[in-house]
Amino acid sequence: MHHTLERLFAFHCAPTFVGIKPANLVSLRTIEKFSVDKELMKYNKRMNNKGIYFRALSYSDKSTLVLVYRKEQIEYQLQKIDICQFLKHYGYDEMDLESALIRLSNRIVNSDGFPHEIGIFLGYPLEDVRGFIEYSGQNYLLSGYWKVYGNLEHTNELFNQYNHCRSEFSFKVGNGCSIEHLCVG
């Protein structure tokens with residue numbers, strides 16, 4: 001199971017591991033005799049010293065939604081005035097990281113749909129998160145890691161960086177390297 005998780009995390013979280021993205025989401029399928037919490041504790045023990053954290057945001061019979069994140073980068077996002085004002089609209093009254101992640105987790109569990117403000121935690125530009133909400137996911141300029149509503153040139157370059165590091169990480173982990181040794185921290 002460990003090698004499968006390494007590959008899964010390498011593929012989905014490489015931009016976070018190299019420090020160019022504050023967070024990634026991974027959905028882990030529920031498998032008998034597999035304790036997600038126990039595995040996440042192992043990853044936290046290995047990776048927290050590099051500033052990378054693993055946290056289950058929601059559980060269901062079929063899967064567990066895991067946030068893999070760089071604590072300092074998300075804390076920095078939560079200090080921005082425009083981000084704070086935006087998140088307050090969705091009930092984020094406290095902007096410390098722990099409170100914000102608890103609120104996000106509650107919104108995921110208790111929302112009929114998926115809470116679109118999660119894009120803020122994943123490093124999507126505020127104008128793209130707002131655009132997605134305003135246009136209900138339509139009228140975008142580009143669809144890639146997220147739907148882009150502004151700054152097309154910069155975002156396209158960022159998507160290329162994400163693709164490159166994802167390929168590199170997947171190749172190296174597939175050849176026996178651990179994500180721990182590949183991470184920038």
K.L.:
Give a yes or no on whether the backbone of Asn44 and the side-chain of Asn48 come within a donor-acceptor separation of less than 3.5 Å.
P.N.:
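Confirmed, Asn48 side chain pairs with Asn44 backbone.
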K.L.:
If you round to the nearest 0.5 Å, how far is CD1 of Ile108 from CG of Leu101?
P.N.:
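Leu101 atom CG to Ile108 atom CD1 measures 9.5 Å (nearest 0.5 Å).
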K.L.:
Would a distance-only check, ignoring hydrogens and angles, find a side-chain to backbone donor-acceptor pair under 3.5 Å from Ser99 to Met95?
P.N.:
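Not a single qualifying donor-acceptor pair exists.
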K.L.:
We want to know whether Tyr162 and Asn24 form a side-chain donor-acceptor pair, criterion being a heavy-atom distance below 3.5 angstrom.
P.N.:
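On atom types as modelled, these side chains do not qualify, holding no pair under 3.5 Å.
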K.L.:
Looking at Lys88, I want to see if its NZ is surrounded by more than 12 non-hydrogen atoms of other residues, nucleotides or ligands under 6.0 Å.
P.N.:
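Enclosed: over 12 neighbouring heavy atoms sit under 6.0 Å from NZ of Lys88.
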K.L.:
Any chance you could measure Ser35, atom OG, to Lys42, atom NZ, to the nearest 0.5 Å?
P.N.:
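It is 8.5 Å, given to the nearest 0.5 Å.
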K.L.:
Is the backbone N or O of Phe132 less than 3.5 Å from a side-chain atom of Asp128, with the two atoms forming a donor-acceptor pair by type?
P.N.:
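Side chain of Asp128 to backbone of Phe132: no pair is present.
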K.L.:
Any side-chain to backbone donor/acceptor pair from Arg103 onto Tyr90? Under 3.5 Å, distance only.
P.N.:
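Answer holds: yes.
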K.L.:
Donor-acceptor pair, Arg70 side chain versus Thr16 backbone, under 3.5 Å?
P.N.:
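Side chain of Arg70 to backbone of Thr16, a donor-acceptor pair under 3.5 Å: yes, one is there.
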K.L.:
How are the rings of Tyr43 and Phe54 set to each other: parallel, tilted or perpendicular (split at 30° and 60°)?
P.N.:
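Tilted, since the angle between the ring planes falls between 30° and 60°.
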K.L.:
Using every non-hydrogen atom in the two residues, find where Pro22 and Gly123 come nearest and quote the distance to one decimal.
P.N.:
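Where Pro22 meets Gly123 most closely, the heavy atoms are CG-CA, 3.4 Å.
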K.L.:
Would a distance-only check, ignoring hydrogens and angles, find a side-chain to backbone donor-acceptor pair under 3.5 Å from Glu6 to Val173?
P.N.:
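Judged by distance alone, no pair lies under 3.5 Å.
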K.L.:
Between Val26 and Leu65, is there a side-chain heavy-atom distance shorter than 4.5 Å?
P.N.:
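Sidechains of Val26 and Leu65: no contact.
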K.L.:
Please test Leu5 against Phe9 for side chain to side chain contact (heavy atoms under 4.5 Å, CB included), starting from the C-alpha separation and ending with a verdict.
P.N.:
CA-CA 6 Å; Leu5 271 180; Phe9 285 138; 4.0 Å; yes
K.L.:
Would you give the length of the straight line joining atom CZ of Arg55 to atom CG of Leu67, rounded to the nearest 0.5 angstrom?
P.N.:
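The distance works out to 8.5 Å.
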K.L.:
Using the rule given for ring pair (Phe, Tyr, Trp, His ring centres under 6.0 Å), can you reason through Phe17 versus Phe169, listing the C-alpha separation, both sets of side-chain angles and the distance that settles it, and then say yes or no?
P.N.:
CA-CA 9 Å; Phe17 293 149; Phe169 256 73; 5.7 Å; yes
K.L.:
Taking all heavy atoms of Cys183 and all of Met47, pick out the closest pair and write down the distance.
P.N.:
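Taking every non-hydrogen atom into account, SG-CE, 3.1 Å.
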K.L.:
Strictly below 4.0 Å, N to O, side chains only: are Glu180 and Lys45 in salt-bridge contact?
P.N.:
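Salt bridge: no.
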K.L.:
Taking all non-hydrogen atoms of both residues into account, name the closest pair between Ser58 and Val109 and its distance.
P.N.:
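Heavy-atom minimum between the residues: CB-CG2, 3.9 Å.
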K.L.:
Look up atom CZ in Arg7 and atom OG1 in Thr4, then write down how far apart they are to the nearest 0.5 Å.
P.N.:
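Rounded to the nearest 0.5 Å, the CZ-OG1 separation comes out at 7.5 Å.
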K.L.:
Does Trp146 form a side chain to side chain contact (heavy atoms under 4.5 Å, CB included) with Thr155? I'd like the steps, not just the answer.
P.N.:
CA-CA 10 Å; Trp146 62 85; Thr155 306; 3.6 Å; yes
K.L.:
At what distance, to the nearest 0.5 angstrom, does OG1 of Thr64 lie from CD of Glu39?
P.N.:
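Those atoms lie 12.0 Å apart.
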K.L.:
Give the intermediate values and the outcome of side chain to side chain contact (heavy atoms under 4.5 Å, CB included) for residues Gln85 and His89.
P.N.:
CA-CA 7 Å; Gln85 291 171 343; His89 185 73; over 6 Å; no
K.L.:
Is Leu8 reachable from Met41 through a run of hydrophobic residues whose side-chain heavy atoms are each under 4.5 Å from the next?
P.N.:
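Not linked; separate clusters.
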K.L.:
Is it the case that the side chain of Lys147 and the backbone of Gln138 share a donor-acceptor pair, with hydrogens and angles ignored and the cut-off at 3.5 Å?
P.N.:
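Judged by distance alone, no pair lies under 3.5 Å.
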K.L.:
Taking the side chain as every heavy atom from C-beta outward, state whether Tyr145 and Leu158 have any pair of such atoms under 4.5 Å apart.
P.N.:
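Not touching, per the 4.5 Å side-chain cut-off.
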K.L.:
Has Lys21 got a side-chain atom pairing as donor or acceptor with Ala23's backbone, closer than 3.5 angstrom?
P.N.:
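Present.
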K.L.:
Taking side chain as C-beta onward, heavy atoms only, is Phe121 less than 4.5 Å from Leu25?
P.N.:
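They are not in contact (no side-chain heavy atoms under 4.5 Å apart), so the answer is no.
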K.L.:
If hydrophobic clusters are built from ILVMFWY residues whose side chains come within less than 4.5 Å, do Leu122 and Phe114 share one?
P.N.:
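Yes: a chain of side-chain contacts under 4.5 Å links Leu122 to Phe114.
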K.L.:
Would you kindly say whether Asn106 and Asn110 are connected by a side-chain donor-acceptor distance under 3.5 Å?
P.N.:
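The answer is no; no qualifying pair exists.
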K.L.:
Will you find, in the side chains of Asn139 and Tyr149, an N or O donor that is under 3.5 Å from an N or O acceptor?
P.N.:
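Short answer, no.
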K.L.:
Are side-chain heavy atoms of Phe159 and Leu142 found at a separation under 4.5 Å?
P.N.:
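Result yes, sub-4.5 Å side-chain heavy-atom pair found.
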K.L.:
Answer with yes or no whether the side chains of Glu117 and Tyr92 bring together a donor and an acceptor at under 3.5 Å.
P.N.:
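Yes, a side-chain donor-acceptor pair sits under 3.5 Å.
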K.L.:
Do Arg166's NZ or CZ and the ring of Phe11 fall within the cation-pi criteria of under 6.0 Å and 45°?
P.N.:
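Yes, Arg166 sits over the ring of Phe11.
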K.L.:
Write down the atom of Leu104, the atom of Pro115, and the distance for their closest heavy-atom approach.
P.N.:
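Of all heavy-atom pairs spanning Leu104 and Pro115, the closest is CD1-CG, 4.4 Å.
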K.L.:
Between Cys165 and Ile20, is there a side-chain heavy-atom distance shorter than 4.5 Å?
P.N.:
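When only atoms from C-beta onward are counted, Cys165 and Ile20 do touch, with a gap below 4.5 Å.
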K.L.:
Walk me through whether Tyr124 and Val148 qualify under side chain to side chain contact (heavy atoms under 4.5 Å, CB included).
P.N.:
CA-CA 9 Å; Tyr124 303 173; Val148 179; over 6 Å; no
K.L.:
For the CZ atom of Arg29 and the OG atom of Ser63, what is their distance to the nearest 0.5 Å?
P.N.:
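Here the rounded value is 10.0 Å.
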K.L.:
Do Arg46 and Ser178 have side chains that approach each other closer than 4.5 Å (heavy atoms only, starting at C-beta)?
P.N.:
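Sidechains of Ser178 and Arg46: in contact.
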K.L.:
Within the supplied structure, the quantity of interest is the number of heavy atoms (other residues, nucleotides, ligands) at a distance under 6.0 Å from Glu127 CD; does it exceed 12?
P.N.:
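More than 12 heavy atoms, drawn from other residues, nucleotides or ligands, come within 6.0 Å of this atom.
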K.L.:
Are any non-hydrogen side-chain atoms of Val66 and Leu57 less than 4.5 angstrom apart?
P.N.:
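Not touching, per the 4.5 Å side-chain cut-off.
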K.L.:
Is the shortest side-chain heavy-atom distance between Tyr59 and Leu28 below 4.5 Å?
P.N.:
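Not in contact.
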